[in-house]
Amino acid sequence: MSELKLSECPVFLLCVFVLAILSLFWAVQFSVEKKMSALTVWVVDFDGQVDPYRLADPLVGPIVANTTLDIIESRDVGLGYQIKSPADFQNDPVAVRQAVYDEHAYAAIIINSNATALLNAALSQGNTSYDPSGAVLVVTLSARDPTTYSNYIMPAIHQFERAVLSNFGSTWVKAAANNSFATLSRVPQALNPGIGFTTLDLRPFGPAVATPAITIGLIYLIIIAFFTFPFLMPIHLQYFGGNLSTLKMSHWIMWRVLSNIGAYFFLSFFYSLVSLAFQIPLSNPSVPGIFPARNANGYGSSSFVVYWALNWVGMSALGFPCENMAMVLGFPWSSLFLIFWVITNVATGFYSLDLAPGFFRWGYAWPLHRIVEASRTILFDTHSRIGLDFGVLFVWIAVSLAFFPIANRIMHWRIIKFGK
């Protein structure tokens, strides 16, 4: 009674497997709140620092900077705010945009050089065209990671804006009290709110139909690659010990590798066609990173070809390990590898590794992470690491092909010994 029956062992093993593998999926989000400081946001104060708007005592910039210091010193769990000097960017706000595009920070809050000067001029001259939102510019790059921006970064930045406006309001009302009522009546926006924020998203995420192409849709890339093995194996066996003329083992292995690559070629093409059929932009020109652009593509009219190539190489990098493990483990145990392969790739591909525990650093080398990153470059014209992305995928393919003959030997040994 105390011993576990043999018939119950598979269920027990499945229970242990579920506990171990699903824990990886939950664990990748376990430390998000503690790791929020990894989402770096720069605060760069140009107010009164650059000609022709130099001022001895600017008002807007110091208030924003002091609010930032209050947030940093409070040690509350939040974004990783850092105060940067304009000199770090050669006193050029455009260089800050470029740095955000190059993914050195998730966002930048730029206090424009004329923020205080325009505000003072609006009150003293009664400038009715004064726009408070021109004081502070928030630079983002939401296509870099839409989920992280919408869930964590933008809500925190909106909270930062409210804190700045609250601190600014009481100070500015006192400073503006000496102005005449007539002036204030012409430009009430200069008194309340006085200043505001404008968000410049260099690469906004969209259209919504692009979501599957960089998230859940890629799971099917793994599954389709996995099921090429059982679909093609009956054909392969016809050339090795079947009714057709048999091949040498080395030739048979070569045939299987080449036929798989050919199958992935066509399967990836039709997978890519789905995105094209639903009008995800894949032929728009690329745009310099300092300019905002909706639906820009990384490689212009060639973007679809590059996208297809990525899916082909990605399917090969995902599929050959599946085929190797199917030969080594056999059915039904190879299905467990599929679950492991899907969960580890999804956990490291769809969620920000900056917010994950350090244990998940290996995720940068996992195939789906590289496919997602390269897909964003192609579809949204984000900062490109596509050479590295393809390089990692080719390494997966090379290692898998090196192991392929060994997996074949194991499969033949297993069939001879166990009959399956």
Next item on the list: Evaluate the side chain to side chain contact (heavy atoms under 4.5 Å, CB included) criterion for residues N127 and L118: first the C-alpha distance (whole Å), next the side-chain angles of each, then the deciding distance (0.1 Å), finally the verdict.
Entry: CA-CA 9 Å; N127 181 10; L118 290 184; 6.0 Å; no
Item checked: L24 and F359: CA distance, side-chain angles, deciding distance, side chain to side chain contact (heavy atoms under 4.5 Å, CB included) verdict -> CA-CA 10 Å; L24 290 173; F359 167 78; 3.7 Å; yes
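Annotation: ring-ring contact (aromatic ring centres under 6.0 Å, His included) contacts involving residues 21-40, sequence neighbours excluded, comprise F25-Y351.
The side chain to side chain contact (heavy atoms under 4.5 Å, CB included) test applied to L14 returns L336, not counting sequence neighbours. Residues that satisfy the salt bridge (charged side-chain N to carboxylate O under 4.0 Å, His left out) test with E373, not counting sequence neighbours, are R370, R385.
The aromatic ring centres of Y81 and F160 sit less than 6.0 Å apart. Y264 has its ring centre less than 6.0 Å from the ring centre of F320. If you look at W312 and W308, their ring centroids are not closer than 6.0 Å.
Atom CZ of R54 has more than 12 neighbouring heavy atoms from other residues, nucleotides or ligands inside a 6.0 Å radius.
The aromatic rings of W366 and F340 sit perpendicular, their planes meeting at an angle over 60°, well past the 30° parallel limit.
P207 places a side-chain heavy atom less than 4.5 Å from the side chain of P281.
Among T40, T140, D354, the single residue meeting the side chain to side chain donor-acceptor pair (under 3.5 Å) criterion with Y106 is D354.
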